[in-house]
Amino acid sequence: HSQSFTLTIDYTGTEPSSPCNKCLNVSWDSTPPCTCTINFTLEHAFESNVFMYYGLSNFYQNHRRYVKSRDDSQLNGDNSSLLNPSKECEPYRTNEDKPIAPCGAIANSMFNDTLELYRIDNDTRTPITLIKKGIAWWTDKNVKFRNPTGDGNNLTALFQGTTKPVNWPKPVYMLDSEPDNNGFINEDFIVWMRTAALPTFRKLYRLIERKNNFQPTLQAGKYSLDIAYNYPVHSFDGRKRMILSTISWMGGKNPFLGIAYITVGSICFFLGVVLLFIHHKYGNRNTSADIPN
Amino acid sequence: MGFLICLKHIYPGYFLSVVVIRVLSFQSSVFAFRAKFRCLAHGIIWLSASISVISSYPISFEMKYTFWNFVPKNLFEQFRRIANFYFLIIFLVQLIIDTPTSPVTSGLPLLFVITVTAIKQGYEDWLRHKADNAINHCPVHFIQHGKLVRKQSQKLRVGDIVMVKENETFPCDLIFLSSSRGDGTCFVTTTGLDGESSQKTYYAVQDTKAFHNEQEIDALHATIECEQPQPDLYKPLGSENLLLRGATLKNTEKIFGVAIYTGMETKMALNYQSKSQKRSAVEKSMNVFLVVYLGILVSKAVINTVLKYAWQSDPFRDEPWYNQKTEPEKKRNLFLQAFTDFLAFMVLFNYIIPVSMYVTVEMQKFLGSYFLAWDEEMFDEGTGEGPLVNTSDLNEELGQIEYVFTDKTGTLTENNMEFVECCIEGHVYIPHVICNVSSLMSLTHGPQNREELFFRALCLCHTVQVKDDDSVDGLEKDEVPRKPCVYISSSPDEVALVEGIQRLGYTFLRLKENYMEILNRENNIEKFELLEVFSFDSVRRRMSVIVRSPTGDIFLFCKGADSSIFPRVKEGKIDQVRSRVQRNAVEGLRTLCVAYKKLSAEEYSDVQELLQGAKLALQERDKKLAEVYEQIETDFILLGATAVEDRLQEKAADTIEALQKAGIKVWVLTGDKMETAAATCYACKLFRRNTQILELTTKKIEEQSLHDVLFDLNKTVIRQNGSLTRDTFSGLSADTQDYGLIIDGAALSLIMKPRYDGSSGNYREIFLNICRNCTAVLCCRMAPLQKAQIVKLIKLSKERPITLAIGDGANDVSMILEAHVGIGVIGKEGRQAARNSDYAIPKFKHLKKMLLVHGHFYYIRISELVQYFFYKNVCFIFPQFLYQFFCGFSQQTLYDTAYLTLYNISFTSLPILLYSLMEQHVSPETLKREPSLDVAKNALLRWHAFVYWTFLGVFDAVVFFFGAYFLLNNTVVTSNGQIFGNWTFGTVVFTVLVFTVTFKLAIDTHYWTWINHFVIWGSLVFYIVFSLLWGGITWPFLNYQRMYYVFMQMLSSGPAWLGIILLITVSLLPDVLKKVLCRELWPTATERIQVNNLFHCEVRHFLYYKCLIT
């Protein structure tokens, strides 16, 4: 059961036939959000824990101007940085003379589609529980990212004097209802803030835990994906995907390592044989010729 | 205060600068200004010296810096070096414009380099300061207003009159005015200047030698006319009244002198800085590579800038909604923006030319030279001296030598002269260890008169001094005991002659108040008044004295090389003597001929007049003196000849054989005559029995024309050459003919002489062609300058071979300075050669190990160092270049700042430094036994090697980058489903990089010591520990925490481990493959030796175990 399965659904909606085509030119602040639903079928059951990712393409999270546009001390809860963010955040540093929290291009462009998964069984839609905690690095959640500190635990009061990033519909202290997943320590936010290495990337969105030993996490069958389509990618030729994947101890499905090891192994073996042959043919001649006595 | 020193401007070009100096000097001293007017009123005393220009700042500053100007001046000096300046520019660009890396990444290494160099230079300067303070503050006795005043030597001004006491060192260059000795002489040793321990006699200026006390001296008014400054210390100064700073007064109570030349302008100080800068072939190729990489760097930046703007032409790429520009960025001019981008790319890729390479090379050379200096095998028990390294810049050049030019006397031979025999009028006298004088007397009944004259001539015609104790002076007129005196001279030949003559019954006792005292066979002291000495020089090749015998007769005795004596002889048994001289020369003995002439009183006064005229000449004094000598030294009566043996140095033959086996051509350059030199060459196996000797000598040229001789010889060797190419593949078989060429100075100058018909180059080419085809060349009858000329001729011939000159005497200095590498033998003829050389060794035999072992190693090491440094930085930077294609050409760095900064200065610096210090690819014994040729002609730094290393670097970089790309692109590599970001990507690449380049070095290392293990594995451990620490906590002083836990997260991923191992393997594979294949199919000489050693080792082990079993 260590086999990894992966299912990818592109919901960008560039094709006219796609249910999400109507949302293609959505803007940031469209209310109510454009929603669309994509139905799909799982051929195999996903036995173990399932990881739900969203993937973006042609999105340059590794552009230098973008990578540096953040203030780590602000994100670490430093009060002075909260009100006076780093210059690196420009042009997302202040809005209407108020400091932006969290500042910078990365935070400003946080992914804000909502994905929901339903199992369709005889036309009944059963929502599948998506767990939103445990998707960020533990150290990020507990050490690197911290909410500002002050009197009381009221986040609204702690973020007093700051304003929300321009593109966000809500301020940072309203990202989640649970206090330990709100503000800077919201895990969706933390995941987004870890900039990807390459322009095509995926980020962990939700976990689907296996409930018991008798049932696979996701049975084979029909499912539907409900999307609140907020995040525009069409303007820069980007694509959006939803990925479901199971994971072994070696991580997700990655054919590269296997192929590379087999190839390199064969090459080494082949070369070994060739060299042995050469050594027998030429090697003796070289050594025996020069040996005195 | 009566001296004005004014200048006779000999070269019109100097006039302006001279005037300025005068103004300064007069401003600095009111007394001097006054003196000018007084001087005009008084008569002028001409001082017969050719002295240097006046100096306005007489303080003996030798250091470069003061406490205050150290920082600015040192920085200025350092940034004048191109490399440092380049790094400074990069640093400034980083400061001024918005660049991908923080200024720290290049600022820190640059600061490190600059600091290390500044500390080194500062320390050296501090030592100089200390030494200078000691000199500047040491007390000097001045005469001021007729009184003796004690002052610090830094107060010394040009024109001051100074008193120096016995055993004191002269504080500046002085004109010798008067002495406490009645005869106006003083004795001086120049040990501090050139290491010669003999005492030299100096003479006070005739006009002033009568001034004996302070008042008299102070009343003196005079003008001294000076020549331009010359650092030439060894060329006989021609001035016996110029006392040089650094020399010490001996056997004289006190002297007075006028300071003409102080501080930095003394001959001693001028000689400190006279070393010319020599650069090694490796350094030259390093600079070429540098330019290539600079080209690569610029083209990379240009390519990326162009691609960036092509890519950005779509506005959604340039400025997508999620990544807007700031207002100033939007407004910026496109071209300015493009230029800024170009600079930013330059900064991003600038590590391809590493700052640290220069530090490492410097350290490698500096530390590496200790391996030479510490070599116990090169330590000479006899003298208690080891090798000296005067410059470490040329270490690797020692392994590149193609031509060795060696002096004969003192270098190939011991220079331990032994008087063997003398021949008087054809009768041979051999002094045995215990010489029975009476038997000798009875044996020979030659003309008594001539024999006695001969012995007296040898006793008188020399410049030997007796190392006298004060007790000898105390004995005065008492009978001097017949004990062997200890003689000192700059020429060991003279000592050998005087000692030899002592065994034949005539003892030179001493030179006292211009009288030479000799003890004759009847134990009577004879006193000869010494009238004139025409000292020896290498052009005349003879010396003469004029003495007045006790009976009042005036004799001129002359001693010199046969070639310079015979043409001047008008009577005597020339033929017998000549045949004896030739016989002795063939046996390798050094011969001198002795002749005399009697002068009448009139003749002597003529001579005196001529000499005086020449001595007072201000221009070309040496030339005029030589003309006078030429005129006087004629019409001799030949007395006889002497023969002195100079034994070969131990293992000289073995060394020459080994050098020739290593493909090095050995040339002997000597001033000796052809027969003697040829005999030595046979003795030291430079010529063998079967070597066919080609002669290109004056005698030959007299018979045929130079043209014919040259063409004949050329034909001979070319015929040989043709047959050689036919069986090149069979190697040097025994039946191929060896050629040895003998050429003399006169023939050489004919060849070298520029001819106006335009065919001069032709002769040189033919000569060079002949030389190329000869295994050994002997140049005899060479003047010092000709030696240098020969070296230069070969050095500039079309193959540009690397040359080495080795010698021990002052006459070798010019060739030592001319050759690529100059080696001094710490010899008996003083230390001039050792001082001017790049390296000094105690014995000639040490040359073998120095070239074949040390030089070879140095070369292997530094070439690997240079190539490896470029390789590891290609590996380092090329992934960054590739990354630009995936990050929108935005100059995003792949690695974290800490990694960028520390890669070259800590993670990968020590292993290569250690390698470049310790590596021995084969054992030193093997190298000595089988001098390998693999490294000749800069083989390891040729283009193909350079291209190979660069491509290896590019290949590895591609493997690193795309390996990580396929490993991490859009996949999950953790077991908890979490995702890695761009910094993890960079860290994977960087980890593979550090391990690969370190393993690559480990593969190349043949000689493993515990310290290699420590440094190589230690570097990797340090990298891991550092990364754990760096990512382990959030660093409060950083404004970003991007590396937080990145390394640990990477380590927690299984695929990352597997990927890293795979990528390291793949990166190393081609190099391993290439090594194995080349070794099997086309092994080089070195590799064959390595395999053999291994094989022998295995056989030994096998036999050993077999023995154990049975």
Side-chain angles (χ1 to χ4, degrees), chain A residues 51 55 59-67 72-73 76 86 90-91 105 108-109 134-137 139-140 143-144 191 194-204 207 232 235-237 245 247-254 256-257 260-261 264 268 271 275 278-279 282-283 286-287 290-291, chain B residues 100 316-317 320-327 886-888 890-893 963 965-982 984-986 1034 1038-1042 1044-1045 1048-1049 1053-1055 1058-1059 1062 1065-1066 1069 1073 1076-1077 1080-1081 1083 1088 1091-1092 1095-1096:
Chain A
F51 297 82
F59 189 102
Y60 284 83
Q61 258 208 323
N62 59 3
H63 196 281
R64 183 160 72 92
R65 201 165 60 227
Y66 188 83
V67 170
D72 276 346
S73 27
N76 196 234
S86 156
E90 289 290 359
N108 186 58
S109 59
I135 56 173
W137 292 13
T139 46
D140 283 1
V143 184
K144 193 170 158 183
V191 165
R194 182 157 294 283
T195 47
L198 297 162
T200 299
F201 60 89
R202 63 164 89 164
K203 287 186 186 285
L204 190 52
L207 309 174
S235 67
F236 54 85
D237 248 357
S245 175
I247 276 176
S248 66
W249 65 273
M250 277 287 289
K253 197 175 167 192
N254 187 358
F256 167 70
L257 267 182
Y261 263 97
V264 172
C268 285
L271 287 177
L275 287 179
I278 289 175
H279 183 71
Y282 300 93
N286 286 333
T287 43
D290 290 328
I291 291 175
Chain B
F316 69 82
R317 285 202 180 125
W321 62 262
Y322 58 83
N323 194 7
Q324 298 284 311
K325 291 178 183 173
T326 57
E327 283 306 312
F886 296 89
C887 70
S890 62
Q891 303 122 19
Q892 174 58 34
T893 59
Y965 178 85
F966 287 116
L967 185 72
L968 294 174
N969 183 25
N970 199 20
T971 56
V972 184
V973 292
T974 52
S975 55
N976 60 6
Q978 290 171 357
I979 295 290
F980 290 159
N982 63 322
T984 314
F985 182 82
T1034 52
L1038 291 179
N1039 56 5
Y1040 55 84
Q1041 304 296 343
R1042 56 198 181 203
Y1044 185 62
Y1045 256 71
M1048 276 76 120
Q1049 285 284 350
S1053 152
L1058 288 178
L1062 176 80
T1065 317
V1066 173
L1069 206 58
L1073 191 67
V1076 175
L1077 271 180
E1080 290 293 340
L1081 298 176
R1088 239 177 261 160
V1091 170
N1092 274 357
F1095 185 78
H1096 284 309

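Below, read A as the first sequence line, B as the second, and so on, with proteins coming before strands; counting in each chain starts at 1. All values derive from a computational prediction rather than experimental measurement.
Taking the six-membered ring where the residue is Trp, the centroids of A:Tyr60 and A:Tyr66 are separated by 6.0 Å or more.
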Point to revise | Evaluation steps, ring pair (Phe, Tyr, Trp, His ring centres under 6.0 Å), between B:Phe985 and B:Phe980 | key: CA-CA 7 Å; B:Phe985 182 82; B:Phe980 290 159; over 10 Å; no

Check your understanding: For A:Thr195 and A:Asn62, what are the C-alpha separation, side-chain angles and deciding distance, and is it a side-chain contact (heavy atoms from CB on, under 4.5 Å)?
Key -> CA-CA 6 Å; A:Thr195 47; A:Asn62 59 3; over 6 Å; no

Practice item. Quick one: do A:Cys268 and B:Leu1069 satisfy side-chain contact (heavy atoms from CB on, under 4.5 Å)? Show the steps, please. Key: CA-CA 9 Å; A:Cys268 285; B:Leu1069 206 58; 4.0 Å; yes

Point to revise | side-chain contact (heavy atoms from CB on, under 4.5 Å) evaluation trace for A:Arg202 with B:Ile979 | key: CA-CA 8 Å; A:Arg202 63 164 89 164; B:Ile979 295 290; 4.0 Å; yes

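Heavy atoms closer than 4.5 Å to chain B are found in the backbone of A:Ala196, but not in its side chain. Using a 4.5 Å cut-off between heavy atoms, B:Thr1034 contacts chain A through its side chain alone, with no backbone atom that close. In this structure, chain B has heavy atoms under 4.5 Å from both the backbone and the side chain of A:Ser235. Interface residue B:Thr984: only side-chain heavy atoms are found under 4.5 Å from chain A. For B:Asn969, the parts sitting under 4.5 Å from any heavy atom of chain A are the backbone and the side chain alike. Interface residue A:Phe51: only side-chain heavy atoms are found under 4.5 Å from chain B. The part of A:Ile135 that comes within reach of chain B is its backbone (N, CA, C, O), which places non-hydrogen atoms under 4.5 angstrom from that chain.
Between B:Phe886 and B:Tyr965, the ring-plane angle classifies as tilted under the 30° and 60° cut-offs. Using cut-offs of 30° and 60° for the angle between ring planes, the B:Trp321 and A:Phe236 rings count as tilted.
In terms of non-hydrogen atom pairs under 4.5 Å with chain B, the most contact-rich of A:Val67, A:Asp140, A:Asp237 is A:Val67. Ranked by heavy-atom pairs under 4.5 Å with chain A, the list B:Gln978, B:Arg1042, B:Gln324 is led by B:Gln978. For the set A:Pro91, A:Gly252, A:Ser73, the count of heavy-atom pairs under 4.5 angstrom toward chain B peaks at A:Pro91. With chain A as partner, the option from B:Leu1058, B:Thr974, B:Val973, B:Asn1039 having the largest number of non-hydrogen pairs under 4.5 angstrom is B:Leu1058. Ranking B:Leu1038, B:Leu968, B:Asn976, B:Thr893 against chain A, the residue ahead of the rest is B:Asn976, based on heavy-atom pairs under 4.5 Å. Chosen from A:Lys144, A:Arg194, A:Glu90, the residue pairing most often with chain B at heavy-atom distances under 4.5 Å is A:Lys144. Taking chain A as the reference chain and counting heavy-atom pairs below 4.5 Å, the highest number among B:Gly981, B:Cys887, B:Gly1054 is found for B:Cys887. Between chain A and the residues B:Phe316, B:Tyr1044, B:Tyr322, the most heavy-atom pairs under 4.5 angstrom are made by B:Tyr322.
In plain terms, the two heavy atoms of A:Val191 and A:Leu204 that are nearest each other are CG1-O, 3.7 Å.
With hydrogens and angles disregarded, no donor-acceptor distance shorter than 3.5 Å links the side chain of B:Gln892 to the backbone of A:His63. Side chain of B:Asn970 to main chain of A:Thr200: no donor-acceptor pair is present (N/O by atom type, distance under 3.5 Å, no hydrogens or angles).
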